[in-house]
Amino acid sequence: MGTNDFETNAAMDRKLSYDFSVPHNDIDLGTMDGIVILSGTVDGWSEYNVATEKACEGSARSVINDLKVK
């Protein structure tokens, strides 16, 4: 993970941790070449969508959402 990827990943982690509508601890973040990869499990589609929105608000070039919905 390059410096920009590290910064993007850290920014995404902060965004998700400040949004209490998303179970931050259940989401794993990865960043490669500016692409944010979300994985883990969320309770519903609203959490899935919020996580995607937060990733798009950051400095990611694009988002791959591999989150599973319970």
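For the side-chain hydrogen bond (donor to acceptor under 3.5 Å, both in side chains) test, residues two or more places apart in sequence or in another chain that qualify with N65 are T52. Taking the salt bridge (Lys or Arg N to Asp or Glu O under 4.0 Å) definition, one finds that K68 meets it with nothing, sequence neighbours left out.
Pairs passing the ring pair (Phe, Tyr, Trp, His ring centres under 6.0 Å) check and including a residue from residues 29-70, sequence neighbours excluded, read W45-Y48. Within the structure, ring pair (Phe, Tyr, Trp, His ring centres under 6.0 Å) pairs that include any residue of residues 49-70 do not occur (at least two apart or interchain). Here ring pair (Phe, Tyr, Trp, His ring centres under 6.0 Å) pairs that include residues 51-70, with residues two or more places apart or in two chains, number zero.
Taken from CD in E47 to CG in D26, the straight-line distance is 8.5 Å, to the nearest 0.5 Å. One finds the CG atom of L67 at 12.0 Å from the CD1 atom of I37 (value rounded to the nearest 0.5 Å). Distance check, rounded to the nearest 0.5 Å: SG of C56 to CZ of R61 gives 13.5 Å.
The residue from V36, I35, L38 that alone fulfils the side chain to side chain contact (heavy atoms under 4.5 Å, CB included) condition with I64 is I35.
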Query raised in the report: Given the rule in the side chain to side chain contact (heavy atoms under 4.5 Å, CB included) test, do K70 and V42 qualify, once you have shown the distances and angles that lead to the verdict?
Result: CA-CA 6 Å; K70 290 183 186 175; V42 293; over 6 Å; no

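Side-chain atoms of D5 come within 3.5 Å of backbone N or O of G34 as a donor-acceptor pair.
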